[in-house]
Trainee: 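Below are the structure tokens for one structure; questions will follow.
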Amino acid sequence: PELPEVETVRRSLLDHLPGRTIAAVEIRDPYVLRGQPVERLQEALLGQTFERLERHGKLLYFPMRGGSLIV
């Protein structure tokens, strides 16, 4: 996606995401994990709470207590 689309997604999630907890994780294409075990990511994300949402260039950062999810 181009930068304007990334910013649009960030703004649309801003009112809904912070404070919400991850209840389920679905990984549709394990290829994107580049050989990392799917279960490892699922276990790391389940139960984590989104603290805030940030953007750096075309990347979205989802900081949580256990680390950050970068998309």
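The first residue in the sequence is number 1, and the count goes up from there.
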Trainee: Any side-chain heavy atom of Gln42 within less than 4.5 Å of one from Ile27?
Mentor: yes

Trainee: Which heavy atom of Ser68 sits nearest to which heavy atom of Pro63, and what is that distance?
Mentor: OG-CA, 3.5 Å

Trainee: Would you say Val25 and Phe62 are hydrophobically clustered, going by side-chain heavy atoms of ILVMFWY under 4.5 Å?
Mentor: yes

Trainee: Tell me whether Leu46 is reachable from Met64 by hopping between hydrophobic residues (I, L, V, M, F, W, Y) whose side-chain heavy atoms are closer than 4.5 Å.
Mentor: yes

Trainee: Yes or no on side chain to side chain contact (heavy atoms under 4.5 Å, CB included) for Leu13 and Phe50, after CA distance, side-chain angles and deciding distance?
Mentor: CA-CA 11 Å; Leu13 293 174; Phe50 293 103; over 6 Å; no

Trainee: Is any side-chain heavy atom of Thr49 closer than 4.5 Å to a side-chain heavy atom of Arg65?
Mentor: no

Trainee: In this structure, would Val6 and Val71 fall into the same cluster of hydrophobic residues linked by side-chain contacts under 4.5 Å?
Mentor: yes

Trainee: Is it true that, when you exclude Arg55 itself, more than 12 heavy atoms of the residues, nucleotides or ligands shown sit nearer than 6.0 Å to its CZ?
Mentor: yes

Trainee: Please give me the minimum heavy-atom distance between Pro30 and Val38, naming the atom from each residue.
Mentor: CB-CG2, 3.8 Å

Trainee: With a 4.5 Å heavy-atom cut-off, do Leu53 and Tyr61 have their side chains touching?
Mentor: no

Trainee: Gln48 side chain to Gly66 main-chain N or O, any donor-acceptor pair under 3.5 Å?
Mentor: yes

Trainee: Determine whether a donor-acceptor pair (N or O, by modelled atom type, separation under 3.5 Å) exists between the side chain of Glu43 and the backbone of Arg40.
Mentor: no

Trainee: Could you please spell out the steps behind the side chain to side chain contact (heavy atoms under 4.5 Å, CB included) verdict for Leu60 and Glu54?
Mentor: CA-CA 6 Å; Leu60 292 175; Glu54 301 172 4; over 6 Å; no

Trainee: When you look at Leu14 and Arg52, which way does the side chain to side chain contact (heavy atoms under 4.5 Å, CB included) test go after all the steps?
Mentor: CA-CA 8 Å; Leu14 210 52; Arg52 59 190 184 281; over 6 Å; no

Trainee: Does Lys58 pair with Glu5 as a salt bridge, N-O distance under 4.0 Å?
Mentor: no

